[in-house]
Colleague: 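There's a structure below that I have some questions on.
Both backbone and side-chain heavy atoms feed into the values below; hydrogens, waters and symmetry mates do not. Only a predicted model underlies this, so the values are computations on that prediction, with no experimental measurement involved.
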Amino acid sequence: MAVHHHKMLVAIRCVSPGRMVPTTKLCVDERAPLRSIIMAWATASLKFEGNLLPDGVGAFASVDRLDMKATLAASRKSLPVREGRPTLTVTWPSASKQPEPQQALAKVGVATKSLEAMLSEERQKEKEAKAAAKERAAEKAKERAAEKAKERLQLERARAAKKKEAKKEKPKGRKPSTKSAKKRAKRKAKQAEETDPAKDPAKEAAKEAALQEKREAKRKGLAEKAAKRKEKKAKVAIDSETAAQQEAARSTTCGSDSSSESTNDSSSDSSSDSEDGAVAAAIARYMDDSSGEENAK
């Protein structure tokens, strides 16, 4: 809060017959009345001692007479400016009765006391105004802090609500695989086709025939694969049997002499003939088994 200064620079010009008084420059309180200012000026400049101003004393602003009870601030606008200061013209009589010195001192004391009281009142008012301004600033700061706290709470609540919504939107558990989803879609499509009332019987019969053909083709393919596997197994068994027979023949022929080569050749021919007969018998058995299985299917 700005501090108001009530001091004012003023000049007092005295007009007194038979006396030359220089212009006096003063710094006075603008709230003081003109009478007390003139009294203080006369006491200091004219060595006047008295409780009352003598008759014939007047205060003028250039031409107009001023009220002695008015304050300097109220009369300031009408005062002329000379040498940079508002100038108050005072008329003082040539001869005046001097009052008793004690009365003059008492009046000066009363005036100083009244000025001190006024100044103390002003100081007290300024202190009160400063304290009120501090209280207002503190209240405003509290209001701002409360508003900021409210804004923070609102932001935190909004964030918490967003988090809850995000958690609700997230699916619980594992996500279903694409394969299972495709299978489910196919099943649903099949069920829809089966439960569809507006089906064409010719189309349905064609579909069934196509399915049967596919099934038969699958069965034939499986049978062929099984036959091939059995042939392979039979060949493996025959190869193992022939290998065993050859090893047995070699073991029997290893102890004979070189002179019996002709007999060995005949025995080898007979063994080879027996091996060929065994292979033919195994193939016949395998063909009989495969034909029996096809008939059973």
Side-chain angles (χ1 to χ4, degrees), residues 158-297:
R159 288 174 184 172
K162 285 181 180 179
K163 286 181 180 179
K164 287 181 180 179
E165 289 178 358
K167 286 181 180 179
K168 288 179 181 178
E169 289 177 357
K170 285 182 180 179
K172 293 182 179 179
R174 294 181 180 178
K175 293 182 179 180
S177 62
T178 55
K179 291 182 179 179
S180 61
K182 288 179 180 179
K183 288 180 180 178
R184 288 176 186 174
K186 286 180 180 179
R187 287 174 188 172
K188 287 181 180 180
K190 286 181 180 179
Q191 289 176 0
E193 288 177 358
E194 289 175 358
T195 55
D196 189 5
K199 284 184 178 180
D200 191 0
K203 289 182 180 179
E204 292 294 324
K207 285 182 181 179
E208 288 291 332
L211 289 171
Q212 285 293 117
E213 288 178 359
K214 286 181 181 179
R215 288 170 188 169
E216 289 295 331
K218 283 183 180 179
R219 286 176 185 174
K220 287 180 181 179
L222 292 171
E224 288 176 357
K225 287 180 181 179
K228 286 179 181 179
R229 287 174 188 169
K230 286 181 179 181
E231 286 177 0
K232 285 181 181 179
K233 287 180 180 179
K235 285 180 181 180
V236 170
I238 292 163
D239 292 336
S240 63
E241 287 178 0
T242 54
Q245 289 175 2
Q246 286 176 1
E247 286 178 359
R250 285 174 187 173
S251 64
T252 53
T253 56
C254 285
S256 63
D257 297 327
S258 60
S259 61
S260 60
E261 287 179 0
S262 61
T263 57
N264 289 332
D265 292 333
S266 62
S267 64
S268 63
D269 292 334
S270 63
S271 64
S272 62
D273 293 335
S274 63
E275 286 175 2
D276 293 334
V279 170
I283 291 166
R285 284 197 303 272
Y286 172 73
M287 294 301 291
D288 292 335
D289 294 334
S290 61
S291 63
E293 288 179 358
E294 288 176 359
N295 292 326
K297 289 181 179 179

Colleague: Measure the CZ-NZ distance between R215 and K220 for me, rounded to the nearest 0.5 Å.
Modeller: 15.5 Å
Colleague: R187: what forms a side chain to side chain donor-acceptor pair (under 3.5 Å) with it, not counting sequence neighbours?
Modeller: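 Testing R187 for side chain to side chain donor-acceptor pair (under 3.5 Å), a comparison that skips the adjacent residues, returns none.
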Colleague: Does E216 form a salt bridge (Lys or Arg N to Asp or Glu O under 4.0 Å) with R219? I'd like the steps, not just the answer.
Modeller: CA-CA 5 Å; E216 289 295 331; R219 286 176 185 174; 3.5 Å; yes
